Number of protein chains: 2
Amino acid sequence: MSDARLHAQIDFLIEIDKLKRVIRRNTLMDGSRRENDAEHSWYLGMLAMTLAEYAPPETDLARVVAMLLVHDIVEIDAGDTFIYDDSLAAGQAERERAAAERIFGLLPEDQAAPLRELWDEFEERRTPEARFAKALDRIAPMIANHRTEGGTWPLYKVTQAQVMEKVKIIEEGAPELGAYAARLVEQSVRQGHLAPS
Amino acid sequence: MSDARLHAQIDFLIEIDKLKRVIRRNTLMDGSRRENDAEHSWYLGMLAMTLAEYAPPETDLARVVAMLLVHDIVEIDAGDTFIYDDSLAAGQAERERAAAERIFGLLPEDQAAPLRELWDEFEERRTPEARFAKALDRIAPMIANHRTEGGTWPLYKVTQAQVMEKVKIIEEGAPELGAYAARLVEQSVRQGHLAPS
């Protein structure tokens, strides 16, 4: 172990502590406060472990978990983008790429590269692992919204059609979870917690 | 997939969302607020990925990460126990076992058992994976305290000798990280942020 190597690793870890202060739109399941990116990332790791059987056969679960722990770190610089706000999406990809360069770049090069690859893979959804991970990232706020009388849906005037676009992403990563999400959406519309299209 | 099975899994996931509301003694790295168990668990997962090279050879990193994501879930019922408060430790083991039964027991039996085993393994530190995971759990607040002028140490009148007991646990799981932690402790004493013994 070289001192410089360990110090670079600790610098990276101190930097990513900031993810605990990046606040998302959706709330905790009890509606008490908005969620932060760090606890959200933990939660997705637990979703992966709990719902692993709905991933396609041969999915590398450890890689899914690693991807989910890492997937939001770029938001330390780039901020959280609400998935239903298209105006924020402009420029976001560029900001996130710059963030990935800077933050993963704090690590020794042999560690920065694989973390950066994990993040790229997640963003591009080009593997079963990435599609499953993204499906979990999309289903988690649906479960929370369904539990909290619509949660962010009525608050930000999101419609059923918009949510069903996200359900498609879930279906692509985990068909059975996609079907379950579609049922949550139907139920929320029936209960008046999501505006029908 | 049976509906009952998926519903049990979702019930478990809704229940463990409560980990985001279990508050620990130590603060974020910027000292702005106390940390919760969910974001702490994410952070330890990232420590495992970043510091993996200091684990003993052949350590199963995926198992370490899984263990760390799960390790504090029992605190939903049993509460956080400050590691330097011996009065709270009494009865804690029993409360945590009951919590493990109840919370992991929300899952289908074939999933409850392996999660319970992961948690037992962590608590008992009987494998290299568990010893490494516990080392990370002990080093994280030391890094935070070192960054925040002693953090919880002066606040709860913790002494160097008490912290060095925890450094031993780090050494047992990851000798190089133990040596690093010992240096942090020495530095903190020199800077007047930790009471010498």
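Every chain is numbered from 1 and lettered A, B, ... according to where its sequence line falls, protein lines coming before strand lines. Note: hydrogens, waters and symmetry copies are ignored here, and every other heavy atom, side chains too, is used. Just so it is clear, the structure is predicted and the values come from calculations on it, not from any experiment.
Note: the hydrophobic cluster containing A:Val185 also contains A:Tyr156 (ILVMFWY, side chain heavy atoms under 4.5 Å, direct or indirect links). B:Trp153 is connected to B:Met164 through a chain of hydrophobic side-chain contacts under 4.5 Å among Ile, Leu, Val, Met, Phe, Trp and Tyr, so both are in one cluster. Put simply, A:Met142 and A:Leu155 are part of the same group of oily side chains (I, L, V, M, F, W, Y) that touch within less than 4.5 Å, one to the next. Under a hydrophobic-cluster definition in which Ile, Leu, Val, Met, Phe, Trp and Tyr are linked whenever side-chain heavy atoms come within less than 4.5 Å, directly or via other members, A:Tyr180 and A:Ile169 are assigned to different clusters. Taken together through direct or relayed side-chain contacts under 4.5 Å among Ile, Leu, Val, Met, Phe, Trp and Tyr, B:Leu184 and B:Leu136 form part of one hydrophobic cluster.
A 6.0 Å sphere centred on CD of B:Gln191 holds more than 12 heavy atoms belonging to other residues, nucleotides or ligands. Atom CD of B:Gln187 has more than 12 heavy atoms from other residues, nucleotides or ligands within 6.0 Å.
In this structure, chain A has heavy atoms under 4.5 Å from both the backbone and the side chain of B:Leu13. Using a 4.5 Å cut-off between heavy atoms, B:Leu118 touches chain A through its side chain atoms alone. The contact between B:His7 and chain A is made entirely by side chain atoms (from C-beta outward), counting heavy-atom distances below 4.5 Å. If you measure heavy-atom distances from B:Ile16 to chain A, the contacts under 4.5 Å come from both the backbone and the side chain. Looking at A:Leu44, there are no atoms closer than 4.5 Å to chain B (heavy atoms on both sides), in backbone or side chain.
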May I have the list of side-chain donor-acceptor pairs in residues 56-73 of chain B shorter than 3.5 Å, sequence neighbours left out?
{"residue": "B:Thr59", "atom": "OG1", "partner": "B:Pro56", "partner atom": "O", "Å": "2.5"}
{"residue": "B:Asp60", "atom": "OD1", "partner": "B:Ala62", "partner atom": "N", "Å": "3.2"}
{"residue": "B:Asp60", "atom": "OD1", "partner": "B:Arg63", "partner atom": "N", "Å": "3.2"}
{"residue": "B:Arg63", "atom": "NE", "partner": "B:Glu121", "partner atom": "OE1", "Å": "3.0"}
{"residue": "B:Arg63", "atom": "NE", "partner": "B:Glu121", "partner atom": "OE2", "Å": "3.4"}
{"residue": "B:Arg63", "atom": "NH2", "partner": "B:Glu121", "partner atom": "OE1", "Å": "2.6"}
{"residue": "B:His71", "atom": "ND1", "partner": "B:Leu68", "partner atom": "O", "Å": "2.7"}

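To the nearest 0.5 Å, atoms CD (A:Glu53) and CZ (B:Arg5) are separated by 4.0 Å. Taking CZ of A:Phe12 as the reference point, atom CG of B:Leu51 lies at 10.0 Å (rounded to 0.5 Å). Rounding to the nearest 0.5 Å gives a distance of 3.5 Å between OH of A:Tyr54 and CD of B:Gln9. Atom-to-atom distance recorded for B:Asp3:CG and A:Arg183:CZ is 5.0 Å, nearest 0.5 angstrom.
With contacts defined as side-chain heavy-atom distances shorter than 4.5 Å, the pair A:Ile10/B:His146 does not qualify. A 4.5 Å side-chain heavy-atom check between B:Arg21 and A:Leu28 finds at least one atom pair inside the cut-off.
Contact detail for A:Trp42 and B:Ala38: the closest heavy-atom pair is CB-O, 3.3 Å.
Between A:Asp17 and B:Arg147, none of the side-chain N atoms (NZ, or NE/NH1/NH2) sits under 4.0 Å from a carboxylate O, so this pair counts as no salt bridge.
When each of A:Arg33, A:Met46, A:Glu39 is scored by its heavy-atom pairs under 4.5 Å with chain B, the top score falls to A:Glu39. If you tally non-hydrogen atom pairs under 4.5 Å between each of A:Lys20, A:Met29, A:Lys18 and chain B, the highest count goes to A:Lys20. Counting heavy-atom pairs under 4.5 Å between each of A:Leu19, A:Leu107, A:Asp37 and chain B puts A:Leu19 at the top.
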